[in-house]
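In this chain, numbering begins with 1 at the start of the sequence shown. Every number for a ligand or one of its atoms is a count from 1 in the order of the listing. Predicted model only: the values in this text are computed from it and were never measured.
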Amino acid sequence: MDSDLRLLISPEEISKKIREIAALLEKAYVGKDLVIVMVLKGAICLTADLIRELDLAFDIAHVQCSSYGAKGTQRGELTVMGLERLTLEGRDVLIVDDIFDSGNTLATLTKAIQEKKAKSVKSLVLLHKNVPHITDLRPDYTLFDIEDLFVVGYGLDYKERYRGLTGVYVLENPKF
Ligand code: IMP
Ligand code: MG
(Lines give C-alpha, C1' and ligand atoms only; values in the text may rest on other atoms or scores of the structure.)
(Ligands and ions follow the chains in the order given, each with its own letter.)
Protein backbone atom coordinates (compact mmCIF):
# COMPACT_ATOMS: atom_id res chain seq x y z
CA MET A 1 0.00 0.00 0.00
CA ASP A 2 1.38 3.45 -0.94
CA SER A 3 2.41 5.59 2.02
CA ASP A 4 0.49 8.59 0.64
CA LEU A 5 -2.84 6.77 1.03
CA ARG A 6 -4.81 7.38 4.24
CA LEU A 7 -7.89 5.28 5.03
CA LEU A 8 -11.01 7.44 5.15
CA ILE A 9 -13.88 4.93 4.96
CA SER A 10 -13.41 1.25 5.78
CA PRO A 11 -14.95 -1.66 3.86
CA GLU A 12 -17.07 -2.45 6.94
CA GLU A 13 -18.52 1.07 7.05
CA ILE A 14 -19.32 0.85 3.35
CA SER A 15 -21.09 -2.53 3.72
CA LYS A 16 -23.16 -1.25 6.63
CA LYS A 17 -24.31 1.82 4.69
CA ILE A 18 -25.11 -0.25 1.62
CA ARG A 19 -27.41 -2.47 3.69
CA GLU A 20 -29.20 0.62 5.07
CA ILE A 21 -29.62 2.18 1.63
CA ALA A 22 -30.76 -1.14 0.12
CA ALA A 23 -33.58 -1.27 2.68
CA LEU A 24 -34.68 2.26 1.68
CA LEU A 25 -34.55 1.36 -2.02
CA GLU A 26 -36.61 -1.78 -1.46
CA LYS A 27 -39.37 0.36 0.06
CA ALA A 28 -39.13 3.05 -2.62
CA TYR A 29 -39.03 0.77 -5.67
CA VAL A 30 -41.19 -2.24 -4.81
CA GLY A 31 -43.54 -2.96 -7.73
CA LYS A 32 -41.80 -0.43 -10.00
CA ASP A 33 -39.93 -0.91 -13.26
CA LEU A 34 -36.54 -0.04 -11.77
CA VAL A 35 -33.56 0.45 -14.05
CA ILE A 36 -30.23 0.96 -12.32
CA VAL A 37 -28.01 3.05 -14.60
CA MET A 38 -24.46 2.48 -13.46
CA VAL A 39 -21.96 5.18 -14.34
CA LEU A 40 -18.74 3.49 -15.38
CA LYS A 41 -16.10 3.19 -14.40
CA GLY A 42 -16.34 4.68 -10.91
CA ALA A 43 -19.62 3.05 -9.82
CA ILE A 44 -18.46 -0.50 -10.52
CA CYS A 45 -17.77 -1.52 -6.90
CA LEU A 46 -20.79 0.25 -5.40
CA THR A 47 -23.18 -1.21 -7.98
CA ALA A 48 -21.77 -4.72 -7.62
CA ASP A 49 -22.20 -4.65 -3.84
CA LEU A 50 -25.54 -2.82 -3.84
CA ILE A 51 -27.30 -5.23 -6.21
CA ARG A 52 -26.33 -8.16 -4.00
CA GLU A 53 -28.18 -6.52 -1.11
CA LEU A 54 -31.30 -5.60 -3.08
CA ASP A 55 -34.29 -7.87 -2.57
CA LEU A 56 -36.06 -6.33 -5.53
CA ALA A 57 -36.62 -6.85 -9.26
CA PHE A 58 -34.48 -4.53 -11.38
CA ASP A 59 -32.72 -4.16 -14.69
CA ILE A 60 -29.15 -2.87 -15.01
CA ALA A 61 -27.83 -0.56 -17.70
CA HIS A 62 -24.64 1.43 -17.93
CA VAL A 63 -23.19 4.58 -19.39
CA GLN A 64 -19.57 5.63 -19.36
CA CYS A 65 -18.68 9.12 -18.27
CA SER A 66 -15.27 10.62 -18.16
CA SER A 67 -14.27 14.07 -17.03
CA TYR A 68 -10.70 13.73 -15.82
CA GLY A 69 -9.27 11.47 -18.50
CA ALA A 70 -5.62 10.61 -18.19
CA LYS A 71 -4.84 14.01 -16.73
CA GLY A 72 -5.51 12.71 -13.25
CA THR A 73 -7.00 15.32 -10.96
CA GLN A 74 -7.47 18.08 -13.52
CA ARG A 75 -11.02 18.21 -14.80
CA GLY A 76 -11.58 18.23 -18.56
CA GLU A 77 -14.62 18.11 -20.82
CA LEU A 78 -17.38 15.70 -19.73
CA THR A 79 -18.01 12.91 -22.20
CA VAL A 80 -20.99 10.55 -21.91
CA MET A 81 -21.08 7.32 -23.90
CA GLY A 82 -23.82 4.73 -24.23
CA LEU A 83 -26.96 6.80 -23.58
CA GLU A 84 -28.25 6.39 -27.12
CA ARG A 85 -28.86 2.64 -26.79
CA LEU A 86 -30.87 2.82 -23.52
CA THR A 87 -34.66 2.32 -23.57
CA LEU A 88 -35.92 4.21 -20.55
CA GLU A 89 -39.34 5.54 -21.54
CA GLY A 90 -41.87 5.11 -18.72
CA ARG A 91 -39.31 3.44 -16.43
CA ASP A 92 -38.05 4.37 -12.97
CA VAL A 93 -34.36 5.16 -13.29
CA LEU A 94 -31.82 5.19 -10.49
CA ILE A 95 -28.44 6.58 -11.54
CA VAL A 96 -25.57 5.14 -9.48
CA ASP A 97 -22.33 7.12 -9.46
CA ASP A 98 -19.17 7.17 -7.39
CA ILE A 99 -19.01 10.80 -6.26
CA PHE A 100 -20.99 14.03 -6.44
CA ASP A 101 -18.31 16.68 -6.89
CA SER A 102 -19.09 19.66 -9.14
CA GLY A 103 -22.40 17.96 -9.94
CA ASN A 104 -21.82 18.27 -13.66
CA THR A 105 -22.03 14.53 -14.33
CA LEU A 106 -25.29 13.97 -12.43
CA ALA A 107 -26.93 17.13 -13.74
CA THR A 108 -26.02 16.26 -17.34
CA LEU A 109 -27.10 12.64 -17.02
CA THR A 110 -30.34 13.42 -15.18
CA LYS A 111 -31.39 15.85 -17.90
CA ALA A 112 -30.48 13.44 -20.70
CA ILE A 113 -32.42 10.60 -19.06
CA GLN A 114 -35.45 12.82 -18.47
CA GLU A 115 -35.35 13.65 -22.18
CA LYS A 116 -35.63 9.93 -22.86
CA LYS A 117 -39.04 10.14 -21.10
CA ALA A 118 -38.19 8.13 -17.99
CA LYS A 119 -41.08 8.08 -15.50
CA SER A 120 -38.75 9.07 -12.66
CA VAL A 121 -35.04 9.82 -12.40
CA LYS A 122 -33.25 9.60 -9.05
CA SER A 123 -29.63 9.26 -8.13
CA LEU A 124 -27.45 7.49 -5.62
CA VAL A 125 -23.81 8.27 -4.91
CA LEU A 126 -21.16 6.75 -2.71
CA LEU A 127 -19.69 10.14 -1.79
CA HIS A 128 -20.88 13.74 -1.69
CA LYS A 129 -17.95 16.15 -1.66
CA ASN A 130 -18.33 19.34 0.32
CA VAL A 131 -17.48 21.78 -2.49
CA PRO A 132 -19.53 24.35 -4.44
CA HIS A 133 -21.72 22.59 -7.00
CA ILE A 134 -22.62 23.93 -10.43
CA THR A 135 -26.23 22.71 -10.11
CA ASP A 136 -29.15 22.90 -7.64
CA LEU A 137 -29.69 19.20 -8.14
CA ARG A 138 -28.61 16.93 -5.27
CA PRO A 139 -28.28 13.14 -5.14
CA ASP A 140 -31.39 11.47 -3.67
CA TYR A 141 -29.28 8.93 -1.80
CA THR A 142 -25.77 9.57 -0.45
CA LEU A 143 -23.74 6.99 1.46
CA PHE A 144 -21.10 9.38 2.86
CA ASP A 145 -20.43 13.12 2.96
CA ILE A 146 -16.75 14.01 2.72
CA GLU A 147 -14.65 17.15 2.85
CA ASP A 148 -12.84 18.57 -0.19
CA LEU A 149 -10.24 15.83 -0.47
CA PHE A 150 -9.04 13.81 -3.43
CA VAL A 151 -10.07 10.23 -2.74
CA VAL A 152 -9.42 6.89 -4.40
CA GLY A 153 -10.50 3.29 -3.99
CA TYR A 154 -13.78 1.37 -4.17
CA GLY A 155 -14.12 2.35 -7.83
CA LEU A 156 -12.51 5.78 -7.66
CA ASP A 157 -9.23 6.28 -9.47
CA TYR A 158 -6.26 8.53 -9.84
CA LYS A 159 -5.05 8.12 -13.43
CA GLU A 160 -6.81 4.72 -13.55
CA ARG A 161 -5.05 3.46 -10.41
CA TYR A 162 -6.49 2.34 -7.07
CA ARG A 163 -10.02 1.44 -8.24
CA GLY A 164 -9.76 -2.02 -6.69
CA LEU A 165 -9.04 -0.89 -3.12
CA THR A 166 -11.76 -2.20 -0.81
CA GLY A 167 -12.03 1.04 1.19
CA VAL A 168 -11.96 4.76 0.34
CA TYR A 169 -8.58 6.45 0.83
CA VAL A 170 -7.38 10.04 0.73
CA LEU A 171 -4.56 10.46 -1.76
CA GLU A 172 -2.36 12.84 0.19
CA ASN A 173 -0.03 14.18 -2.49
CA PRO A 174 -1.54 13.78 -5.94
CA LYS A 175 0.95 14.98 -8.54
CA PHE A 176 -1.15 17.23 -10.75
P1 IMP B 1 -18.61 15.81 -11.02
O2 IMP B 1 -17.65 16.95 -10.86
O3 IMP B 1 -19.65 15.82 -9.94
O4 IMP B 1 -19.18 15.77 -12.40
O5 IMP B 1 -17.78 14.48 -10.83
C6 IMP B 1 -17.20 13.92 -11.95
C7 IMP B 1 -16.37 12.72 -11.70
O8 IMP B 1 -15.12 13.17 -11.24
C9 IMP B 1 -16.79 11.70 -10.67
O10 IMP B 1 -17.76 10.77 -11.13
C11 IMP B 1 -15.46 11.00 -10.44
O12 IMP B 1 -15.22 10.02 -11.44
C13 IMP B 1 -14.48 12.14 -10.58
N14 IMP B 1 -14.04 12.64 -9.25
C15 IMP B 1 -14.46 13.72 -8.56
N16 IMP B 1 -13.82 13.82 -7.38
C17 IMP B 1 -12.97 12.76 -7.33
C18 IMP B 1 -12.03 12.30 -6.36
O19 IMP B 1 -11.85 12.85 -5.26
N20 IMP B 1 -11.33 11.17 -6.68
C21 IMP B 1 -11.50 10.49 -7.85
N22 IMP B 1 -12.38 10.88 -8.79
C23 IMP B 1 -13.10 12.01 -8.52
MG1 MG C 1 -12.80 9.06 -12.53
Side-chain angles (χ1 to χ4, degrees), residues 1-11 13-14 17-18 21 35-51 60-83 86 88 93-116 118 121-176:
M1 180 76 59
D2 294 13
S3 58
D4 47 6
L5 293 179
R6 174 170 62 81
L7 182 67
L8 187 67
I9 307 170
S10 70
E13 289 173 275
I14 296 171
K17 267 284 183 276
I18 287 179
I21 297 264
V35 187
I36 294 174
V37 174
M38 157 171 59
V39 183
L40 294 178
K41 305 170 193 170
I44 186 168
C45 297
L46 175 59
T47 310
D49 285 344
L50 178 70
I51 62 172
I60 300 190
H62 66 272
V63 292
Q64 182 157 357
C65 290
S66 159
S67 50
Y68 283 142
K71 281 186 253 137
T73 53
Q74 224 184 333
R75 191 171 289 106
E77 188 91 339
L78 176 68
T79 58
V80 182
M81 284 182 293
L83 259 178
L86 303 187
L88 302 173
V93 175
L94 180 68
I95 303 168
V96 177
D97 202 359
D98 53 1
I99 187 164
F100 186 74
D101 184 21
S102 71
N104 189 23
T105 307
L106 266 195
T108 304
L109 265 182
T110 299
K111 186 162 172 282
I113 291 172
Q114 279 163 346
E115 283 166 3
K116 292 179 85 79
V121 187
K122 295 204 169 180
S123 54
L124 182 157
V125 294
L126 175 70
L127 305 170
H128 184 155
K129 209 186 264 195
N130 185 10
V131 291
H133 308 297
I134 60 142
T135 169
D136 291 335
L137 183 99
R138 294 293 177 266
D140 297 281
Y141 303 91
T142 295
L143 274 73
F144 301 96
D145 290 293
I146 64 165
E147 289 310 310
D148 186 8
L149 301 161
F150 193 82
V151 291
V152 295
Y154 202 70
L156 291 136
D157 74 302
Y158 171 67
K159 296 186 180 177
E160 299 303 326
R161 281 189 68 195
Y162 307 119
R163 289 194 202 276
L165 298 176
T166 54
V168 175
Y169 292 78
V170 178
L171 184 63
E172 305 271 20
N173 296 305
K175 287 155 197 78
F176 292 93

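At a 4.0 Å heavy-atom cut-off, ligand 1 does not touch His133 at all. Within the 4.0 Å heavy-atom criterion, the part of Asp97 lying near ligand 1 is the side chain and not the backbone. When heavy-atom distances to ligand 1 are checked against a 4.0 Å cut-off, Leu156 comes that close only through its side chain, counted from C-beta outward. The part of Asp98 lying near ligand 1 is the side chain, judged by heavy-atom distances below 4.0 Å. Neither the backbone nor the side chain of Leu171 has a heavy atom within less than 4.0 Å of ligand 1.
Judged by the shortest distance from any of its heavy atoms, Thr108 lies outside the 4.0 Å radius around the atoms of ligand 1. Contact analysis puts Asp157 in contact with ligand 1, with a non-hydrogen atom separation below 4.0 angstrom.
Close approach of ligand 1 to Leu149 is summarised as follows: ligand atoms under 4.0 Å from at least one heavy atom of the residue are 19 (O). Listed by number with element, the atoms of ligand 1 under 4.0 angstrom from any heavy atom of Lys129 are 16 (N), 17 (C), 18 (C), 19 (O). Interface atoms of ligand 1 facing Asn104, defined by a heavy-atom separation under 4.0 Å, are 3 (O), 4 (O).
In this structure, Lys122 places its NZ atom where only 12 or fewer heavy-atom neighbours from other residues, nucleotides or ligands lie under 6.0 Å away. Asp136 CG: 12 or fewer foreign heavy atoms inside a 6.0 Å radius.
Not one N or O of Phe100 is nearer than 3.5 Å to an N or O of ligand 1, by distance alone. Backbone and side-chain nitrogen or oxygen atoms of Gly103 are examined, and one is located within less than 3.5 angstrom of a nitrogen or oxygen of ligand 1.
Ring geometry for Phe150 against Tyr158 counts as perpendicular: the plane angle is over 60°, on a 0 to 90° scale with 30° as the lower cut.
Under the 4.5 Å side-chain criterion, counting only non-hydrogen atoms from C-beta, Ile99 is not in contact with Val125.
Atom 15 (C) of ligand 1 has its nearest heavy-atom neighbour, among Asp101, Leu127, Leu40, in Asp101. In the candidate list Val131, Val168, Thr105, Val39, Thr105 is nearest to atom 6 (C) of ligand 1, counting heavy atoms.
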Trace of the side chain to side chain donor-acceptor pair (under 3.5 Å) decision for Asp49 with Tyr154: CA-CA 10 Å; Asp49 285 344; Tyr154 202 70; 2.6 Å; yes
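In this structure, Lys111 pairs ionically with Glu115, as a charged nitrogen and a carboxylate oxygen lie closer than 4.0 Å. For Lys129 and Glu147, the salt-bridge test fails: no basic side-chain N is under 4.0 Å from an acidic carboxylate O.
For the pair Lys17 and Phe144, the cation-pi test (distance below 6.0 Å, angle within 45°) is passed.
Taken to the nearest 0.5 Å, the CG atom of Leu124 stands 13.0 Å off from the CZ atom of Phe100.
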